[in-house]
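In the text below, chain A, chain B and the rest are named by the order of the sequence lines, each starting its count at 1.
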Amino acid sequence: MAKKIITSALPYSYAIPHLGNFVGSVLPADVYFKYLKMKDEDAIFICGSDQHGTAIELQALKDKVDPEVLSNSFHEKIKSLFESMGCTFTYYGKTHTAENKTVVYEIFKALEANGFIGEIESIQAYCNIDKHFLADRFIEGECPFCHGLKARGDQCDTCGRLLEPDQIINPHCTICGNSDITFKKTKNLALLLDKLQNRIKEFIETTGEKSENNWSKNAINESLGLIKVGLKPRDITRNMKWGFPVNDERFGDLVFYVWFDAVIGYIGITKEWDPSRWEEYWKSSDTELIQFMGKDNIEFHTVVFPAILIGSNLGYIMPSSIKAYEYLTSKTVKFSKSSKIGLNIENALAILPSDYWRFSLMYMCPENSDSEFSIDLLSEIINKIMNDKIGNLVNRVLVLYKNNLSLLRSRIGNSMLNPEIKKYKEQYDSHFSKLNIRNALLTIVELATFGNALLNTSEPWALAKMSGSDQSKKDAFVNVMSDLLKVVYSIGILLWPFAPRASSSILSYFGIENEPNFSMLEDDINLIAGKEVAPIFQKISDDQLAELGKFSTL
RNA sequence: AGCGAGGUAGGGUAGUCUGGAGUGCCCGUCGGGCUCAUAACCCGAAGAUCGGUGGUUCAAAUCCACCCCUCGCUACCA
């Protein structure tokens, strides 16, 4: 059987991911992975913390801590929050490890030997107080055009013009606030994407445009657009301290630029997971690599990472599927990772349990276009869909069963509904195989609507009342209940990737304590008699609304 | 400015590749039914110049051209 590697874009470990970060990559990857496990696929789910880069180094400088300590502490925190969200990674690693370093060097040396590494010379600002090269956006001063005083080295926020750092009047360093800045010539290494352009183009055309690989439209077209414009060499080093040193006398203080070791991190993290098995996945011709990410990350996965893999020519597999999500936005609720404010997954979990977030976020998942998050929308999904439509159906059927045990015990038999259930099963399966994960969730909602309609039209409560005197009513009641219980059971299984806790609690009525398997949909059901029935979902409470309201901008 | 993605009833979405009566779904509204259930559920109805303008066609939400609006990338952010 083909192996599968599922990846989610690596969260940058200097702040807690917010709801948009979570729904745009880790959550759908986790849902998809759970679906694959339910189908007994040989799949691994790899993710981890992206630890290097200017932002973390400067944050550490400001906080007067070691960047490794800073990023490790966020790493531990983020990892445990994802786990609290019900995510079950095969391995959640990080990029600053000996394993990743080994892979980075190996790939770099191969790229260099194959002629795909060049040098780029540029002028860069240097703070003589901090003894640190400054990224453009860490220089602030007066805009040469509008003379606003808050212009940064890359852009003036007052007039919106793009700037070069040496255009700033009276520049100062935003880290220490001093003006002792000089511009120095620096040399960086670059990946010669221009020399790999034709092979990347071929990769996108053969892999990306093949319909069964299910690349999202934005990923294919943005990549082809970049190629149409023409790929340029791209820096892979930075003149700073935090990162993997290039370790070559010719290049002094350079470290690898964060994006280079971050994309390679997918491999390094797998190696960290299992030093003896990682190659089975990364170097086996029958492995599919399925990558989930936000739309801002497309180029790194469709151009940069493939270029690294092609150029190094070390036998690593190429990505097969690229699924890029749009953004979850909000005009009414604050969430921003870079400014570290608003509703992140930590305070979200403090308000509502993980299933509620997993379900509602996937329900509003920005699969094809940006979607707008609001407390009203969240409440609607929880109250009307999860609670009323699904939770209430489960409760209605289980209570009917429990209240009529004497009529039903040992008589619940084969449901006549199997062809109907099969239809939903196939629809669900087809959506997942096309990576239309939101639509798979909608299939469950449709099945619940079907169950509610069946319940209303067949009126089992009426049959139960008449069954005392009428054998045919009694038989009809048993048959209807067999069908309804089969619907509830099926919902329990299909819900597993999205809401594992709710799934487990539904399946516990059917005597199932382990992770469900997709093939169980075909099985006859088995009920635990007399088990106390409790609602699986609840409506959002006023207290919870009040807590959520604290993140409102209104 | 260049390169992408999106704009479909009051709100949200699917349909667009491969043209066939505005077809579908969720919420909201209105009317009816039901009383097993968490005041939940079911049935029915109203509600859309498919962002705009032109074009191709017997036929356009769908194909082409131009324009408008939103978001992303084009950054020494990742």
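One can place CD of A/E446 at 8 Å from P of B/C26, the figure rounded to the nearest angstrom. Rounded to an integer number of Å, the gap from A/N21 CG to B/C77 C1' is 13 Å. At whole-Å resolution of the value, CD in A/E299 and C1' in B/C77 are 13 Å apart. Whole-Å rounding puts the A/K384 NZ to B/C42 C1' distance at 13 Å. The nearest whole Å value for the distance from the CH2 atom in A/W259 to the P atom in B/A75 is 13 Å. Regarding A/L231, its CG atom lies at a distance of 14 Å from the P atom of B/U74, rounded to whole Å. The OH-P distance, from A/Y363 to B/C25, rounds to 12 Å in whole Å. Rounded to an integer number of Å, the gap from CD1 of A/I381 to P of B/C25 is 19 Å.
Atom NZ of A/K232 is surrounded by 12 or fewer heavy atoms from other residues, nucleotides or ligands within 6.0 Å. Crowding of A/E372 atom CD: a count of heavy atoms from other residues, nucleotides or ligands under 6.0 Å exceeding 12.
Phosphate contact (OP1/OP2 of B/C41, side-chain N/O of A/T449, threshold under 4.0 Å): absent. For A/K331, no side-chain nitrogen or oxygen approaches OP1 or OP2 of B/U70 to under 4.0 Å.
The P atoms of B/U70 and B/G54 are separated by 24 Å, rounded to the nearest whole Å. Going from the C1' atom of B/C26 to that of B/A65 covers 36 Å, rounded to whole Å. Using P as the reference atom, B/U57 and B/U62 are 16 Å apart when rounded to the nearest Å. Spacing between B/G47 and B/G10 at atom P, rounded to whole Å, works out to 11 Å. A gap of 44 Å separates the C1' atoms of B/C43 and B/U56, to the nearest Å. For the P atom pair drawn from B/C63 and B/A1, the interatomic distance equals 25 Å after rounding to whole Å. Here, B/C50 and B/U23 have their C1' atoms 12 Å apart, quoted to the whole Å. Nucleotides B/G44 and B/G24 have their P atoms positioned 11 Å apart, rounded to a whole Å.
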Fill in: Nucleotide-resolved protein contact map, nucleotides 2-15 of chain B, B/S/- at heavy-atom distance under 4.0 Å
-SSSS------SS-

Worksheet item: Which letter, B, S or -, goes with each nucleotide of nucleotides 30-39 of chain B from 5' to 3', with contact meaning a protein heavy atom under 4.0 Å?
Response: ---BSSBBB-

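Among the candidates A/Q51, A/H96, A/K77, the single residue satisfying the side chain to side chain donor-acceptor pair (under 3.5 Å) test with A/N72 is A/Q51. Of the options A/I264, A/I46, A/T97, A/N100, a side chain to side chain contact (heavy atoms under 4.5 Å, CB included) to A/I269 is made by A/I46 and by none of the others. Test A/I381, A/I382, A/D376 against A/L378 for side chain to side chain contact (heavy atoms under 4.5 Å, CB included) and you get one pass: A/I382.
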Practice prompt. For side-chain contact (heavy atoms from CB on, under 4.5 Å), just list the numbers for A/F432 and A/V31, CA-CA rounded to whole Å, side-chain angles, deciding distance to a tenth of an Å, and then say yes or no.
Written response: CA-CA 10 Å; A/F432 260 118; A/V31 170; 3.8 Å; yes

Worksheet item: Given the rule in the side-chain hydrogen bond (donor to acceptor under 3.5 Å, both in side chains) test, do A/T7 and A/Q291 qualify, once you have shown the distances and angles that lead to the verdict?
Response: CA-CA 5 Å; A/T7 70; A/Q291 306 201 276; 3.1 Å; yes

Item to complete: Evaluate the side-chain hydrogen bond (donor to acceptor under 3.5 Å, both in side chains) criterion for residues A/T332 and A/S374: first the C-alpha distance (whole Å), next the side-chain angles of each, then the deciding distance (0.1 Å), finally the verdict.
Response: CA-CA 6 Å; A/T332 54; A/S374 67; 5.2 Å; no

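A salt bridge links A/E299 with A/R234; the closest basic N to acidic carboxylate O contact falls under 4.0 Å. Salt-bridge formation is detected for the pair A/K187/A/E119: a Lys NZ or Arg NE/NH1/NH2 atom is positioned less than 4.0 Å from an Asp or Glu carboxylate oxygen. Contact check on A/K94 versus A/D50 returns no salt bridge, with no Lys/Arg side-chain nitrogen under 4.0 Å from an Asp/Glu carboxylate oxygen.
Ring centroid separation for the pair A/W357 and A/F82 does not come in under the 6.0 Å cut-off.
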Could you go through residues 300-307 of chain A and list every donor-acceptor pair under 3.5 Å that involves a side-chain atom there, pairing it with any protein atom two or more places apart or in another chain?
{"residue": "A/H301", "atom": "ND1", "partner": "A/N297", "partner atom": "O", "Å": "2.9"}
{"residue": "A/H301", "atom": "NE2", "partner": "A/Y266", "partner atom": "OH", "Å": "2.6"}
{"residue": "A/T302", "atom": "OG1", "partner": "A/S223", "partner atom": "OG", "Å": "2.7"}
{"residue": "A/T302", "atom": "OG1", "partner": "A/I298", "partner atom": "O", "Å": "3.2"}

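How far CD1 of A/I375 is from CG of A/L377: 11.0 Å, rounded to the nearest 0.5 Å.
Picking from B/A78, B/C71, B/C43 the nucleotide with the shortest atom distance to the side chain of A/Y327 gives B/C71.
Between A/Y12 and A/T329, the residue anchored nearer the 5' end of RNA chain B, judged by the nucleotide with its closest heavy atom, is A/T329.
By the side chain to side chain contact (heavy atoms under 4.5 Å, CB included) test, A/K79 is found to be paired with A/H75, A/E83, A/Y92, residues two or more places apart in sequence or in another chain being considered.
Pairs of Watson-Crick or G-U wobble type, with distances under 3.5 Å, assemble into runs of 3 or more in RNA chain B at these ranges: B:1-7 with B:68-74, B:10-14 with B:23-27, B:29-33 with B:41-45, B:51-55 with B:63-67.
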Grab the N/O contacts between the protein and nucleotides 63-67 of chain B below 3.5 Å, and write none if there aren't any.
none

